[in-house]
2 protein chains.
Amino acid sequence: MVASRNGGPPMPYDENHVSRSEGRRRMPEEIPPPPWRRPKKAPPRVPLTQDRIVVTALGILDAEGLDALSMRRLAQELKTGHASLYAHVGNRDELLDLVFDIVLTEVEVPEPEPGRWAEQVKEMCRSLRRMFLAHRDLARIAIDRVPLGPNGMVGMERTMNLLRSGGLHDELAAYGGDLLSTFVTAEALEQSSRNPGTEQGREQAGVFADQLHGYLKSLPATSFPNLVHLAGPITSLDSDRRFELGLEIIIAGLLAGAGEAADDQVRTAGSPPAES
Amino acid sequence: MVASRNGGPPMPYDENHVSRSEGRRRMPEEIPPPPWRRPKKAPPRVPLTQDRIVVTALGILDAEGLDALSMRRLAQELKTGHASLYAHVGNRDELLDLVFDIVLTEVEVPEPEPGRWAEQVKEMCRSLRRMFLAHRDLARIAIDRVPLGPNGMVGMERTMNLLRSGGLHDELAAYGGDLLSTFVTAEALEQSSRNPGTEQGREQAGVFADQLHGYLKSLPATSFPNLVHLAGPITSLDSDRRFELGLEIIIAGLLAGAGEAADDQVRTAGSPPAES
DNA sequence: ACCTGAACACCGTTCAAGT
DNA sequence: ACCTGAACACCGTTCAAGT
(Lines give C-alpha, C1' and ligand atoms only; values in the text may rest on other atoms or scores of the structure.)
Protein backbone atom coordinates (compact mmCIF):
# COMPACT_ATOMS: atom_id res chain seq x y z
CA MET A 1 0.00 0.00 0.00
CA VAL A 2 2.27 2.69 1.28
CA ALA A 3 5.84 2.52 0.15
CA SER A 4 8.76 3.72 2.22
CA ARG A 5 10.85 5.96 0.09
CA ASN A 6 13.93 3.78 -0.17
CA GLY A 7 12.48 0.39 0.67
CA GLY A 8 14.51 0.18 3.86
CA PRO A 9 13.45 0.77 7.45
CA PRO A 10 11.95 4.17 8.05
CA MET A 11 14.86 5.59 10.01
CA PRO A 12 18.11 4.12 8.67
CA TYR A 13 20.42 6.49 10.49
CA ASP A 14 21.79 5.97 13.96
CA GLU A 15 20.29 8.20 16.61
CA ASN A 16 22.53 7.18 19.50
CA HIS A 17 25.40 9.37 18.52
CA VAL A 18 25.12 11.89 21.30
CA SER A 19 26.35 9.33 23.77
CA ARG A 20 29.85 10.00 24.94
CA SER A 21 31.32 6.52 24.36
CA GLU A 22 32.65 6.59 20.84
CA GLY A 23 35.92 5.36 19.48
CA ARG A 24 35.90 1.63 20.38
CA ARG A 25 33.48 0.55 17.70
CA ARG A 26 36.00 -1.25 15.52
CA MET A 27 36.50 -4.12 17.95
CA PRO A 28 33.91 -6.85 17.53
CA GLU A 29 34.32 -7.90 21.17
CA GLU A 30 35.60 -6.19 24.29
CA ILE A 31 39.17 -7.45 24.80
CA PRO A 32 41.52 -5.70 27.23
CA PRO A 33 44.72 -4.49 25.55
CA PRO A 34 47.93 -6.37 26.41
CA PRO A 35 49.75 -4.55 29.21
CA TRP A 36 53.07 -4.13 27.32
CA ARG A 37 51.28 -2.21 24.61
CA ARG A 38 50.33 0.73 26.72
CA PRO A 39 47.08 2.30 25.55
CA LYS A 40 47.28 5.62 23.75
CA LYS A 41 45.26 8.11 25.65
CA ALA A 42 42.79 8.49 22.73
CA PRO A 43 42.55 5.01 21.24
CA PRO A 44 41.58 4.21 17.59
CA ARG A 45 39.74 7.39 16.83
CA VAL A 46 36.82 6.89 14.53
CA PRO A 47 37.53 9.19 11.60
CA LEU A 48 35.45 12.23 10.89
CA THR A 49 33.09 11.75 7.97
CA GLN A 50 30.31 13.79 6.51
CA ASP A 51 27.82 11.15 7.59
CA ARG A 52 28.91 11.24 11.22
CA ILE A 53 28.76 15.01 11.18
CA VAL A 54 25.26 15.13 9.71
CA VAL A 55 23.87 12.44 11.99
CA THR A 56 25.36 14.09 15.06
CA ALA A 57 23.98 17.44 13.95
CA LEU A 58 20.51 15.94 13.72
CA GLY A 59 20.90 14.59 17.22
CA ILE A 60 21.73 18.01 18.60
CA LEU A 61 18.84 19.50 16.67
CA ASP A 62 16.38 17.01 18.11
CA ALA A 63 17.65 17.37 21.64
CA GLU A 64 18.38 21.08 21.88
CA GLY A 65 17.01 22.89 18.84
CA LEU A 66 18.47 24.89 15.98
CA ASP A 67 20.00 27.65 18.07
CA ALA A 68 22.11 25.14 19.96
CA LEU A 69 23.39 23.64 16.72
CA SER A 70 26.57 25.67 16.27
CA MET A 71 29.67 24.45 14.54
CA ARG A 72 31.50 24.65 17.85
CA ARG A 73 28.89 22.71 19.77
CA LEU A 74 28.84 20.10 17.02
CA ALA A 75 32.61 19.76 17.03
CA GLN A 76 32.57 19.33 20.78
CA GLU A 77 30.06 16.49 20.47
CA LEU A 78 32.35 14.87 17.90
CA LYS A 79 35.46 15.52 20.01
CA THR A 80 37.21 17.58 17.36
CA GLY A 81 38.19 21.14 16.77
CA HIS A 82 35.47 23.13 15.16
CA ALA A 83 37.69 24.02 12.22
CA SER A 84 37.92 20.36 11.27
CA LEU A 85 34.29 20.29 10.25
CA TYR A 86 34.98 22.53 7.29
CA ALA A 87 36.97 19.76 5.66
CA HIS A 88 33.73 17.82 5.24
CA VAL A 89 30.82 20.22 4.96
CA GLY A 90 32.01 23.57 3.71
CA ASN A 91 29.34 25.54 5.47
CA ARG A 92 26.83 25.67 8.25
CA ASP A 93 24.18 26.30 5.63
CA GLU A 94 25.27 23.32 3.58
CA LEU A 95 25.23 21.23 6.73
CA LEU A 96 21.60 22.17 7.27
CA ASP A 97 20.85 21.19 3.67
CA LEU A 98 22.30 17.78 4.40
CA VAL A 99 20.40 17.38 7.65
CA PHE A 100 17.17 18.30 5.90
CA ASP A 101 17.78 15.79 3.14
CA ILE A 102 18.53 12.96 5.52
CA VAL A 103 15.26 13.27 7.43
CA LEU A 104 13.26 13.34 4.21
CA THR A 105 13.86 9.61 4.30
CA GLU A 106 11.08 9.38 6.86
CA VAL A 107 8.39 10.70 4.55
CA GLU A 108 6.14 8.20 2.88
CA VAL A 109 4.61 9.03 -0.49
CA PRO A 110 1.91 6.53 -1.45
CA GLU A 111 1.82 4.64 -4.73
CA PRO A 112 -1.29 5.92 -6.55
CA GLU A 113 -4.46 3.84 -6.18
CA PRO A 114 -7.48 4.62 -8.35
CA GLY A 115 -10.31 6.44 -6.60
CA ARG A 116 -8.28 7.33 -3.53
CA TRP A 117 -6.50 10.41 -4.85
CA ALA A 118 -7.63 12.99 -2.32
CA GLU A 119 -7.13 10.63 0.60
CA GLN A 120 -3.66 9.67 -0.59
CA VAL A 121 -2.59 13.28 -1.01
CA LYS A 122 -3.67 13.81 2.56
CA GLU A 123 -1.71 10.78 3.71
CA MET A 124 1.39 12.15 2.07
CA CYS A 125 0.97 15.53 3.72
CA ARG A 126 0.32 13.97 7.09
CA SER A 127 3.48 11.92 6.77
CA LEU A 128 5.45 15.05 5.95
CA ARG A 129 3.92 16.77 8.93
CA ARG A 130 4.85 13.89 11.20
CA MET A 131 8.45 14.26 10.06
CA PHE A 132 8.44 17.94 11.03
CA LEU A 133 6.87 17.32 14.40
CA ALA A 134 9.38 14.57 15.14
CA HIS A 135 12.39 16.86 14.73
CA ARG A 136 12.64 20.04 16.70
CA ASP A 137 13.04 23.20 14.61
CA LEU A 138 13.25 21.25 11.37
CA ALA A 139 10.51 23.43 9.92
CA ARG A 140 12.72 26.46 10.52
CA ILE A 141 15.40 24.79 8.43
CA ALA A 142 13.00 23.74 5.70
CA ILE A 143 11.05 26.95 5.27
CA ASP A 144 13.57 28.71 3.05
CA ARG A 145 15.12 25.68 1.40
CA VAL A 146 14.28 23.78 -1.77
CA PRO A 147 14.87 20.06 -1.18
CA LEU A 148 17.21 19.23 -4.05
CA GLY A 149 19.25 16.55 -2.29
CA PRO A 150 18.97 12.89 -3.28
CA ASN A 151 16.08 12.12 -0.94
CA GLY A 152 14.37 15.34 -1.93
CA MET A 153 14.49 14.37 -5.59
CA VAL A 154 13.04 10.93 -4.92
CA GLY A 155 10.25 12.45 -2.86
CA MET A 156 9.51 14.97 -5.56
CA GLU A 157 9.33 12.26 -8.22
CA ARG A 158 6.88 10.24 -6.17
CA THR A 159 4.86 13.33 -5.34
CA MET A 160 4.53 14.31 -8.99
CA ASN A 161 3.49 10.76 -9.77
CA LEU A 162 0.72 10.90 -7.18
CA LEU A 163 -0.50 14.36 -8.10
CA ARG A 164 -0.67 13.61 -11.81
CA SER A 165 -2.63 10.42 -11.14
CA GLY A 166 -5.50 12.64 -10.00
CA GLY A 167 -5.75 14.28 -13.39
CA LEU A 168 -3.86 17.51 -12.63
CA HIS A 169 -2.31 18.98 -15.73
CA ASP A 170 1.45 19.48 -15.81
CA GLU A 171 1.63 23.01 -14.52
CA LEU A 172 -0.85 22.37 -11.74
CA ALA A 173 0.99 19.25 -10.63
CA ALA A 174 4.35 21.02 -10.67
CA TYR A 175 3.09 23.93 -8.62
CA GLY A 176 0.69 21.93 -6.49
CA GLY A 177 3.51 19.92 -5.00
CA ASP A 178 5.26 23.11 -4.02
CA LEU A 179 2.12 24.60 -2.57
CA LEU A 180 1.33 21.55 -0.48
CA SER A 181 4.80 21.22 0.96
CA THR A 182 4.99 24.93 1.65
CA PHE A 183 1.68 24.68 3.46
CA VAL A 184 2.76 21.74 5.58
CA THR A 185 6.07 23.39 6.42
CA ALA A 186 4.50 26.72 7.35
CA GLU A 187 1.87 25.06 9.50
CA ALA A 188 4.51 23.00 11.30
CA LEU A 189 6.59 26.13 11.80
CA GLU A 190 3.72 27.98 13.37
CA GLN A 191 2.84 25.04 15.57
CA SER A 192 6.38 24.53 16.84
CA SER A 193 7.04 28.23 17.33
CA ARG A 194 4.31 28.55 19.89
CA ASN A 195 4.75 25.05 21.23
CA PRO A 196 8.50 24.54 21.73
CA GLY A 197 8.73 21.05 23.20
CA THR A 198 5.97 18.64 24.02
CA GLU A 199 6.37 18.92 27.80
CA GLN A 200 3.95 21.51 29.08
CA GLY A 201 3.89 23.14 25.65
CA ARG A 202 0.29 22.26 25.06
CA GLU A 203 -0.65 23.98 28.27
CA GLN A 204 1.47 27.01 27.45
CA ALA A 205 -0.27 27.29 24.07
CA GLY A 206 -3.60 26.97 25.82
CA VAL A 207 -2.80 29.80 28.20
CA PHE A 208 -1.78 31.99 25.30
CA ALA A 209 -4.98 31.14 23.41
CA ASP A 210 -7.03 32.06 26.48
CA GLN A 211 -5.22 35.36 26.87
CA LEU A 212 -5.73 36.17 23.20
CA HIS A 213 -9.38 35.26 23.47
CA GLY A 214 -9.82 37.62 26.37
CA TYR A 215 -7.95 40.35 24.52
CA LEU A 216 -10.06 40.01 21.37
CA LYS A 217 -13.26 40.00 23.38
CA SER A 218 -12.15 43.14 25.16
CA LEU A 219 -11.64 45.16 21.96
CA PRO A 220 -14.09 48.01 21.28
CA ALA A 221 -16.93 46.42 19.33
CA THR A 222 -17.50 49.51 17.24
CA SER A 223 -14.00 49.46 15.74
CA PHE A 224 -13.47 45.71 15.79
CA PRO A 225 -16.87 44.04 15.34
CA ASN A 226 -15.48 41.10 13.39
CA LEU A 227 -12.63 40.33 15.77
CA VAL A 228 -14.98 40.46 18.74
CA HIS A 229 -17.44 38.19 16.95
CA LEU A 230 -14.73 35.75 15.81
CA ALA A 231 -12.73 35.65 19.04
CA GLY A 232 -13.89 32.08 19.58
CA PRO A 233 -13.08 30.59 16.17
CA ILE A 234 -9.80 32.52 15.91
CA THR A 235 -8.42 31.20 19.17
CA SER A 236 -10.00 27.77 19.44
CA LEU A 237 -8.52 26.09 16.37
CA ASP A 238 -5.86 23.66 17.49
CA SER A 239 -2.96 22.61 15.27
CA ASP A 240 -4.52 19.38 14.06
CA ARG A 241 -7.72 21.07 13.07
CA ARG A 242 -5.92 23.90 11.31
CA PHE A 243 -3.88 21.40 9.40
CA GLU A 244 -6.83 19.32 8.24
CA LEU A 245 -8.82 22.42 7.32
CA GLY A 246 -5.99 23.84 5.23
CA LEU A 247 -5.44 20.50 3.55
CA GLU A 248 -9.10 20.32 2.65
CA ILE A 249 -9.04 23.83 1.17
CA ILE A 250 -5.96 23.31 -0.97
CA ILE A 251 -7.03 19.93 -2.26
CA ALA A 252 -10.46 21.27 -3.18
CA GLY A 253 -8.75 24.15 -4.97
CA LEU A 254 -6.49 21.80 -6.89
CA LEU A 255 -9.42 19.65 -7.95
CA ALA A 256 -11.36 22.72 -9.05
CA GLY A 257 -8.59 23.50 -11.51
CA ALA A 258 -7.93 19.90 -12.53
CA GLY A 259 -10.06 19.89 -15.66
CA GLU A 260 -9.24 23.33 -16.94
CA ALA A 261 -6.68 24.14 -19.58
CA ALA A 262 -3.42 25.43 -18.20
CA ASP A 263 -3.03 28.59 -20.17
CA ASP A 264 -6.11 30.71 -19.68
CA GLN A 265 -6.75 29.52 -16.16
CA VAL A 266 -4.69 32.19 -14.51
CA ARG A 267 -5.43 35.11 -16.79
CA THR A 268 -9.22 34.90 -16.43
CA ALA A 269 -10.39 36.67 -13.33
CA GLY A 270 -12.72 34.63 -11.17
CA SER A 271 -14.67 31.57 -12.32
CA PRO A 272 -14.73 29.72 -8.99
CA PRO A 273 -16.74 26.52 -8.71
CA ALA A 274 -20.38 26.65 -7.67
CA GLU A 275 -20.96 27.14 -3.96
CA SER A 276 -21.62 23.53 -2.96
CA MET B 1 -12.99 51.89 -3.32
CA VAL B 2 -9.88 50.78 -1.62
CA ALA B 3 -9.29 52.20 1.80
CA SER B 4 -5.86 52.81 3.17
CA ARG B 5 -5.64 51.21 6.55
CA ASN B 6 -5.41 54.34 8.63
CA GLY B 7 -6.78 56.90 6.21
CA GLY B 8 -3.46 58.70 6.02
CA PRO B 9 -0.79 58.55 3.32
CA PRO B 10 0.42 55.02 2.60
CA MET B 11 3.86 55.46 4.16
CA PRO B 12 3.57 57.78 7.17
CA TYR B 13 6.99 57.09 8.58
CA ASP B 14 10.12 58.94 7.61
CA GLU B 15 12.52 56.99 5.44
CA ASN B 16 15.36 59.53 5.35
CA HIS B 17 16.78 58.49 8.67
CA VAL B 18 19.93 56.83 7.42
CA SER B 19 21.36 60.18 6.39
CA ARG B 20 24.09 61.36 8.67
CA SER B 21 22.81 64.89 9.33
CA GLU B 22 20.71 64.57 12.45
CA GLY B 23 20.66 66.71 15.52
CA ARG B 24 19.87 70.23 14.24
CA ARG B 25 16.17 69.62 13.68
CA ARG B 26 14.92 71.75 16.57
CA MET B 27 15.89 75.06 15.03
CA PRO B 28 13.24 76.40 12.69
CA GLU B 29 15.85 78.37 10.73
CA GLU B 30 19.59 78.14 10.33
CA ILE B 31 21.12 80.75 12.65
CA PRO B 32 24.81 80.67 13.49
CA PRO B 33 25.46 80.38 17.22
CA PRO B 34 26.81 83.53 18.95
CA PRO B 35 30.62 83.30 19.21
CA TRP B 36 30.79 83.70 23.00
CA ARG B 37 28.62 80.63 23.41
CA ARG B 38 31.05 78.18 22.01
CA PRO B 39 29.27 75.24 20.41
CA LYS B 40 29.29 71.96 22.24
CA LYS B 41 30.94 69.35 20.10
CA ALA B 42 27.69 67.33 19.88
CA PRO B 43 24.93 69.97 19.63
CA PRO B 44 21.27 69.46 20.72
CA ARG B 45 21.16 65.72 20.37
CA VAL B 46 17.81 64.41 19.25
CA PRO B 47 16.75 62.02 22.01
CA LEU B 48 16.52 58.30 21.45
CA THR B 49 12.93 57.10 21.13
CA GLN B 50 11.37 53.80 20.18
CA ASP B 51 10.05 55.37 16.99
CA ARG B 52 13.45 56.56 15.86
CA ILE B 53 14.90 53.15 16.59
CA VAL B 54 12.23 51.28 14.66
CA VAL B 55 12.31 53.61 11.66
CA THR B 56 16.08 53.46 11.49
CA ALA B 57 15.98 49.69 11.77
CA LEU B 58 13.62 49.52 8.80
CA GLY B 59 16.02 51.68 6.83
CA ILE B 60 18.91 49.31 7.49
CA LEU B 61 16.70 46.37 6.62
CA ASP B 62 15.71 47.87 3.28
CA ALA B 63 19.22 48.88 2.39
CA GLU B 64 21.27 45.97 3.68
CA GLY B 65 19.03 43.12 4.73
CA LEU B 66 18.22 41.30 7.94
CA ASP B 67 21.69 39.96 8.62
CA ALA B 68 23.08 43.49 8.65
CA LEU B 69 20.48 44.60 11.17
CA SER B 70 22.37 44.00 14.39
CA MET B 71 21.89 45.98 17.55
CA ARG B 72 25.42 47.31 17.19
CA ARG B 73 24.98 48.37 13.59
CA LEU B 74 21.69 50.02 14.50
CA ALA B 75 23.24 51.88 17.43
CA GLN B 76 26.02 53.11 15.18
CA GLU B 77 23.47 54.50 12.72
CA LEU B 78 21.79 56.29 15.63
CA LYS B 79 25.13 57.46 17.05
CA THR B 80 24.64 55.78 20.40
CA GLY B 81 26.10 52.92 22.31
CA HIS B 82 24.43 49.65 21.52
CA ALA B 83 23.47 49.11 25.13
CA SER B 84 21.30 52.23 25.03
CA LEU B 85 18.84 50.57 22.71
CA TYR B 86 17.71 48.20 25.44
CA ALA B 87 16.15 51.10 27.31
CA HIS B 88 13.56 51.36 24.53
CA VAL B 89 13.04 47.97 22.91
CA GLY B 90 13.96 45.24 25.30
CA ASN B 91 15.00 42.81 22.65
CA ARG B 92 16.13 42.30 19.10
CA ASP B 93 13.13 40.06 18.62
CA GLU B 94 10.75 42.66 19.98
CA LEU B 95 12.37 45.22 17.70
CA LEU B 96 11.57 43.02 14.72
CA ASP B 97 7.97 42.75 15.94
CA LEU B 98 7.78 46.54 15.91
CA VAL B 99 9.35 46.82 12.47
CA PHE B 100 6.90 44.28 11.10
CA ASP B 101 3.93 46.10 12.55
CA ILE B 102 4.98 49.46 11.17
CA VAL B 103 5.18 48.27 7.57
CA LEU B 104 1.75 46.65 7.81
CA THR B 105 0.56 50.22 7.38
CA GLU B 106 1.24 49.85 3.66
CA VAL B 107 -1.24 47.04 3.15
CA GLU B 108 -4.61 47.96 1.70
CA VAL B 109 -7.61 45.81 2.59
CA PRO B 110 -10.61 46.68 0.39
CA GLU B 111 -14.04 47.57 1.73
CA PRO B 112 -16.35 44.74 0.56
CA GLU B 113 -18.31 45.35 -2.62
CA PRO B 114 -21.05 42.93 -3.65
CA GLY B 115 -20.14 40.56 -6.46
CA ARG B 116 -16.43 41.31 -6.36
CA TRP B 117 -15.44 39.04 -3.51
CA ALA B 118 -12.85 36.85 -5.24
CA GLU B 119 -11.28 39.80 -7.01
CA GLN B 120 -11.11 41.81 -3.80
CA VAL B 121 -9.47 38.98 -1.89
CA LYS B 122 -6.88 38.88 -4.64
CA GLU B 123 -6.35 42.62 -4.40
CA MET B 124 -5.72 42.32 -0.70
CA CYS B 125 -3.19 39.54 -1.19
CA ARG B 126 -1.44 41.41 -3.98
CA SER B 127 -1.15 44.44 -1.73
CA LEU B 128 0.36 42.31 1.01
CA ARG B 129 2.77 40.84 -1.50
CA ARG B 130 3.82 44.30 -2.68
CA MET B 131 4.64 45.19 0.90
CA PHE B 132 6.93 42.17 1.19
CA LEU B 133 8.66 42.83 -2.10
CA ALA B 134 9.22 46.47 -1.14
CA HIS B 135 11.19 45.59 2.01
CA ARG B 136 14.16 43.32 1.82
CA ASP B 137 13.99 40.24 4.03
CA LEU B 138 10.71 41.31 5.58
CA ALA B 139 9.24 37.92 4.70
CA ARG B 140 11.96 36.30 6.83
CA ILE B 141 10.79 38.41 9.73
CA ALA B 142 7.11 37.72 9.13
CA ILE B 143 7.24 33.99 8.55
CA ASP B 144 7.33 32.97 12.20
CA ARG B 145 5.45 35.92 13.69
CA VAL B 146 1.76 36.52 14.36
CA PRO B 147 0.94 40.16 13.66
CA LEU B 148 -0.63 41.21 16.95
CA GLY B 149 0.57 44.82 16.94
CA PRO B 150 -1.88 47.71 16.47
CA ASN B 151 -1.61 47.74 12.66
CA GLY B 152 -1.83 43.96 12.60
CA MET B 153 -5.09 44.03 14.52
CA VAL B 154 -6.62 46.62 12.20
CA GLY B 155 -5.60 44.60 9.17
CA MET B 156 -7.04 41.45 10.68
CA GLU B 157 -10.34 43.16 11.41
CA ARG B 158 -10.64 44.40 7.85
CA THR B 159 -9.59 41.02 6.48
CA MET B 160 -12.23 39.20 8.50
CA ASN B 161 -14.78 41.71 7.29
CA LEU B 162 -13.90 41.04 3.67
CA LEU B 163 -13.74 37.28 3.99
CA ARG B 164 -17.08 37.03 5.77
CA SER B 165 -18.72 39.18 3.11
CA GLY B 166 -18.17 36.29 0.69
CA GLY B 167 -20.28 33.97 2.81
CA LEU B 168 -17.51 32.07 4.57
CA HIS B 169 -18.68 30.70 7.89
CA ASP B 170 -16.87 31.79 11.03
CA GLU B 171 -14.31 29.05 11.27
CA LEU B 172 -13.45 29.22 7.59
CA ALA B 173 -13.05 33.00 7.72
CA ALA B 174 -10.87 32.82 10.82
CA TYR B 175 -8.60 30.19 9.34
CA GLY B 176 -8.80 31.46 5.77
CA GLY B 177 -7.19 34.74 6.72
CA ASP B 178 -4.32 32.87 8.30
CA LEU B 179 -3.94 30.58 5.32
CA LEU B 180 -3.89 33.42 2.82
CA SER B 181 -1.35 35.47 4.70
CA THR B 182 0.83 32.43 5.30
CA PHE B 183 0.68 31.69 1.60
CA VAL B 184 1.65 35.22 0.59
CA THR B 185 4.46 35.33 3.13
CA ALA B 186 5.88 31.96 2.12
CA GLU B 187 5.74 32.81 -1.56
CA ALA B 188 7.49 36.15 -0.95
CA LEU B 189 10.09 34.35 1.14
CA GLU B 190 10.84 31.87 -1.61
CA GLN B 191 11.00 34.60 -4.21
CA SER B 192 13.35 36.82 -2.24
CA SER B 193 15.58 33.95 -1.14
CA ARG B 194 16.54 33.08 -4.69
CA ASN B 195 16.34 36.66 -5.90
CA PRO B 196 18.18 38.76 -3.31
CA GLY B 197 18.03 42.30 -4.74
CA THR B 198 16.45 43.45 -7.97
CA GLU B 199 19.73 44.25 -9.69
CA GLN B 200 20.74 41.27 -11.77
CA GLY B 201 18.67 39.02 -9.51
CA ARG B 202 16.24 38.17 -12.24
CA GLU B 203 19.11 37.00 -14.40
CA GLN B 204 20.63 35.01 -11.55
CA ALA B 205 17.30 33.30 -10.98
CA GLY B 206 17.08 32.58 -14.69
CA VAL B 207 20.50 30.96 -14.73
CA PHE B 208 19.53 28.79 -11.78
CA ALA B 209 16.28 27.78 -13.47
CA ASP B 210 18.19 26.82 -16.61
CA GLN B 211 20.66 24.74 -14.61
CA LEU B 212 17.87 23.00 -12.77
CA HIS B 213 16.07 22.35 -16.04
CA GLY B 214 19.16 20.74 -17.50
CA TYR B 215 19.64 18.69 -14.34
CA LEU B 216 16.07 17.41 -14.32
CA LYS B 217 16.24 16.54 -18.01
CA SER B 218 19.46 14.61 -17.40
CA LEU B 219 17.98 12.34 -14.73
CA PRO B 220 17.51 8.67 -15.64
CA ALA B 221 14.05 8.48 -17.16
CA THR B 222 13.43 5.01 -15.75
CA SER B 223 13.74 6.16 -12.13
CA PHE B 224 12.46 9.72 -12.59
CA PRO B 225 9.91 9.66 -15.42
CA ASN B 226 7.78 12.39 -13.89
CA LEU B 227 10.60 14.80 -13.13
CA VAL B 228 11.98 14.38 -16.64
CA HIS B 229 8.54 14.97 -18.10
CA LEU B 230 7.81 17.96 -15.88
CA ALA B 231 11.23 19.61 -16.12
CA GLY B 232 9.67 22.41 -18.16
CA PRO B 233 6.71 23.28 -15.94
CA ILE B 234 8.75 22.87 -12.76
CA THR B 235 11.41 25.36 -13.78
CA SER B 236 9.49 27.80 -15.98
CA LEU B 237 7.04 29.18 -13.45
CA ASP B 238 8.11 32.67 -12.53
CA SER B 239 7.17 34.29 -9.22
CA ASP B 240 4.19 36.24 -10.50
CA ARG B 241 2.68 33.19 -12.11
CA ARG B 242 3.26 31.03 -9.04
CA PHE B 243 1.60 33.65 -6.91
CA GLU B 244 -1.50 34.00 -9.09
CA LEU B 245 -1.82 30.24 -9.42
CA GLY B 246 -1.64 29.68 -5.70
CA LEU B 247 -4.11 32.45 -5.06
CA GLU B 248 -6.53 30.89 -7.52
CA ILE B 249 -6.21 27.51 -5.84
CA ILE B 250 -6.77 28.74 -2.31
CA ILE B 251 -9.68 30.99 -3.20
CA ALA B 252 -11.35 28.18 -5.10
CA GLY B 253 -10.84 25.95 -2.09
CA LEU B 254 -12.34 28.51 0.26
CA LEU B 255 -15.38 28.94 -1.97
CA ALA B 256 -15.82 25.18 -2.20
CA GLY B 257 -16.21 25.07 1.57
CA ALA B 258 -18.22 28.28 1.86
CA GLY B 259 -21.65 26.67 1.91
CA GLU B 260 -20.84 23.67 4.05
CA ALA B 261 -21.48 23.40 7.75
CA ALA B 262 -18.42 23.97 9.89
CA ASP B 263 -18.55 20.90 12.01
CA ASP B 264 -18.61 17.82 9.82
CA GLN B 265 -16.56 19.39 7.09
CA VAL B 266 -13.26 18.29 8.47
CA ARG B 267 -14.21 14.93 9.86
CA THR B 268 -15.66 13.55 6.63
CA ALA B 269 -12.94 12.11 4.46
CA GLY B 270 -13.09 13.22 0.85
CA SER B 271 -16.12 14.79 -0.81
CA PRO B 272 -14.31 17.22 -3.13
CA PRO B 273 -16.35 19.16 -5.68
CA ALA B 274 -17.00 17.62 -9.09
CA GLU B 275 -14.08 17.83 -11.50
CA SER B 276 -15.27 20.80 -13.60
C1' DA C 1 45.65 14.18 3.30
C1' DC C 2 43.72 15.28 7.24
C1' DC C 3 43.44 17.84 11.36
C1' DT C 4 44.56 21.61 14.72
C1' DG C 5 45.27 26.22 17.30
C1' DA C 6 44.96 30.59 17.02
C1' DA C 7 43.15 34.52 15.17
C1' DC C 8 39.70 37.63 12.87
C1' DA C 9 35.70 40.02 12.91
C1' DC C 10 31.77 39.85 14.52
C1' DC C 11 27.20 38.78 17.70
C1' DG C 12 23.07 39.77 21.88
C1' DT C 13 22.60 40.95 26.50
C1' DT C 14 23.75 42.57 31.19
C1' DC C 15 25.22 45.76 34.60
C1' DA C 16 27.80 48.85 37.45
C1' DA C 17 29.04 53.37 36.91
C1' DG C 18 28.46 57.86 35.36
C1' DT C 19 25.84 62.42 34.13
C1' DA D 1 15.99 59.09 34.30
C1' DC D 2 18.67 58.16 30.73
C1' DC D 3 22.84 56.75 28.80
C1' DT D 4 27.56 54.64 28.64
C1' DG D 5 31.83 51.44 28.73
C1' DA D 6 33.27 47.41 29.64
C1' DA D 7 32.61 42.77 30.13
C1' DC D 8 30.52 38.10 29.39
C1' DA D 9 29.74 34.36 26.72
C1' DC D 10 29.20 33.26 22.67
C1' DC D 11 29.23 33.06 17.02
C1' DG D 12 31.09 31.38 11.62
C1' DT D 13 35.04 31.16 8.90
C1' DT D 14 39.94 31.28 7.51
C1' DC D 15 44.59 29.81 7.43
C1' DA D 16 49.30 28.77 8.55
C1' DA D 17 51.25 25.17 10.89
C1' DG D 18 51.62 20.67 12.29
C1' DT D 19 51.36 15.29 11.90
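The sequence lines fix the lettering, A, B, ..., with proteins before strands; numbering per chain opens at 1. Quick caveat: nothing in here was measured; it's all calculated off a predicted structure.
With rounding to the nearest 0.5 Å, the separation of CG in Leu189(A) from OG1 in Thr185(A) is 8.5 Å. In this structure, the separation between CG on Asp137(A) and CG on Asp62(A) is 10.0 Å, given to the nearest 0.5 Å.
In this structure, the nucleotide among dC3(C), dT13(C), dA7(C) sitting nearest to the side chain of Arg72(A) is dA7(C).
Taking all atoms of both residues into account, the shortest heavy-atom contact from Cys125(B) to Phe243(B) is O-CZ, 3.7 Å.
When rounded to the nearest whole Å, the span between CG of Leu48(B) and P of dC3(D) equals 5 Å. What separates CG of Leu74(B) from C1' of dC11(C) is a distance of 14 Å, to the nearest Å. Taking atom CD1 of Ile53(B) as the reference point, atom P of dC2(D) lies 12 Å away to the nearest angstrom. Whole-Å rounding puts the Arg73(A) CZ to dC10(D) P distance at 11 Å. Nucleotide dG5(D) holds its P atom 14 Å from the CD atom of Gln76(B), rounded to whole Å. Look at NZ on Lys79(B): it is 16 Å from P on dC3(D), rounded to the nearest Å. Remark: C1' of dC10(C) and CD of Glu64(B) are 15 Å apart, rounded to the nearest angstrom. For the pair Leu78(A) CG and dC3(C) P, the computed distance is 11 Å after rounding to whole Å.
Here the side chain of Arg92(B) pairs a donor or acceptor atom with the backbone of Leu69(B) at under 3.5 angstrom. Here the side chain of Arg136(A) pairs a donor or acceptor atom with the backbone of Ala63(A) at under 3.5 angstrom. Judged by distance alone, with hydrogens and angles left aside, the side-chain atoms of His88(A) form a donor-acceptor pair with the main-chain N or O of Leu48(A) at under 3.5 Å.
Pair assignment for dC2(D) gives dG18(C), based on Watson-Crick or G-U wobble hydrogen-bonding distances that are each under 3.5 Å. When both pairing distances are held under 3.5 Å, dG12(C) makes a Watson-Crick or G-U pair with dC8(D).
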- Task: Run the numbers on Arg242(A) and Glu187(A) for salt bridge (charged side-chain N to carboxylate O under 4.0 Å, His left out), then give the verdict.
- Result: CA-CA 8 Å; Arg242(A) 289 172 55 91; Glu187(A) 204 61 52; 2.7 Å; yes
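For the C1' atoms, the distance linking dA16(D) with dC3(C) amounts to 13 Å, nearest Å. A gap of 14 Å separates the C1' atoms of dC11(C) and dA7(D), to the nearest Å.
Within residues 82-96 of chain A, the residues having any heavy atom under 4.0 Å from DNA chain D are, by residue number, His82(A), Ala83(A), Tyr86(A), Asn91(A), Arg92(A).
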